[in-house]
Amino acid sequence: MATVLDSLTLPCSSALASTAFSGRRSSLALPQCRGLKIAHSFTSHSIRSARSNARFPHRSATIVCEAQETAAIVPAASEATWKSMVIESKLPVLVEFWAPWCGPCRMIHPIIDELSKEYTGKFKFYKVDTDNNSSIASQYGIRSIPTVIIFKDGEKKEAIIGAVPKATLTASMEKFL
């Protein structure tokens, strides 16, 4: 089972820290990832230098997932809107059951968002936060997240469990067009 980090702290190495005292700046280039941002923080640590024993601020960076920001592209369905948005829909509906703390859910969000753009007018897309809408989750037997369920004419047609590739979701969706 894979473990997904909520955050990762990257301390400056002592070699990089020592260059800061000489007046030169150095930086570390990290790859750009969708849904991630780098938040800087400063903490105080004792750094012994050959010149002095003074305290200097220690800079570190934390990589933070912005899952809730990326989740905003596909609208949320709730217990109050479930019937009108999903059950009574004329188009097939893809619903992702997820939770903010779920690492694999964060991985599938961009895929669902991309599919929602590609299938505009052919499919409807919604996300259901299982923490806030537990009655919907229990009604459809959601025991693992992320779970994607495809509905057509108000009936559950297919369920896909786990963070699957885009091709798997597309193949399942094409059956109901």
**Q** Which atoms form the tightest heavy-atom contact between S135 and E79, and what is the distance?
**A**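 The pair with the smallest heavy-atom distance is OG-OE2, 2.8 Å.
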**Q** Identify the heavy atoms of K124 and S89 that sit nearest to each other, and give their distance.
**A**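 Taking every non-hydrogen atom into account, CD-OG, 3.5 Å.
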**Q** Assigning hydrophobic clusters by single linkage (Ile, Leu, Val, Met, Phe, Trp, Tyr; side-chain heavy-atom cutoff under 4.5 Å), is L91 placed with V86?
**A** no
**Q** Looking only at non-hydrogen atoms, find the nearest pair between I73 and S116 and report the distance.
**A**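 Closest pair (atom of I73, atom of S116, distance): CG2-OG, 4.4 Å.
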**Q** Please list every donor-acceptor pair under 3.5 Å in which a side-chain atom of residues 155-173 meets a protein atom from a residue at least two apart or in another chain.
**A**
unit_1 : atom_1 : unit_2 : atom_2 : d
E158   : OE1    : K175   : NZ     : 3.2
E158   : OE2    : S172   : OG     : 3.0
E158   : OE2    : K175   : NZ     : 3.4
K166   : NZ     : E114   : OE2    : 2.4
K166   : NZ     : E118   : OE2    : 2.5
T170   : OG1    : K166   : O      : 2.9
S172   : OG     : T168   : O      : 3.2

**Q** Would you compute the distance between atom CZ of R143 and atom CZ of F97 and round it to the nearest 0.5 angstrom?
**A**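 Output value for this atom pair is 13.5 Å.
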**Q** Over 60° means perpendicular and under 30° means parallel, so classify the ring planes of F123 and F125, tilted if in between.
**A**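 Rings of F125 and F123: tilted, as their planes differ by 30° to 60°.
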**Q** Where do I112 and V148 land on the side chain to side chain contact (heavy atoms under 4.5 Å, CB included) test, with the steps shown first?
**A** CA-CA 10 Å; I112 302 285; V148 173; 4.2 Å; yes
**Q** Taking atom types as modelled, is there a side-chain donor on N133 or W82 under 3.5 Å from an acceptor on the other?
**A** no
**Q** Report the C-alpha distance between I149 and I142 in whole Å, list the side-chain angles of each, state the deciding distance to 0.1 Å, and finish with yes or no for side chain to side chain contact (heavy atoms under 4.5 Å, CB included).
**A** CA-CA 10 Å; I149 298 181; I142 306 301; 3.7 Å; yes
**Q** Please report the closest heavy-atom contact between P146 and E96, naming both atoms and the distance.
**A**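 Nearest heavy atoms, P146 then E96: CB-OE2, 4.2 Å.
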**Q** Taking only residues two or more places apart in sequence, or in another chain, which ones meet E88 in a side-chain contact (heavy atoms from CB on, under 4.5 Å)?
**A** K83, S84
**Q** Can you name the closest pair of heavy atoms from D131 and A99 and give their distance?
**A**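 Smallest heavy-atom distance, with atoms named: OD2-CB, 3.8 Å.
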**Q** For P100, is there any backbone N or O sitting under 3.5 Å from a side-chain donor or acceptor partner on R106?
**A**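 Between the backbone of P100 and the side chain of R106 there is a qualifying donor-acceptor contact (under 3.5 Å).
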**Q** Could you check F151 against Y126 for ring pair (Phe, Tyr, Trp, His ring centres under 6.0 Å), going step by step and ending with a plain yes or no?
**A** CA-CA 11 Å; F151 293 86; Y126 300 107; over 10 Å; no
**Q** Give me the atom names and distance for the closest heavy-atom approach of F176 to P92.
**A** O-CG, 3.4 Å
**Q** Return the CD1 to CG distance between I108 and D113, rounded to the nearest 0.5 Å.
**A** 10.5 Å
**Q** Give, for atom OG1 of T130 and atom CH2 of W98, the distance between the pair rounded to the nearest 0.5 Å.
**A** 9.0 Å
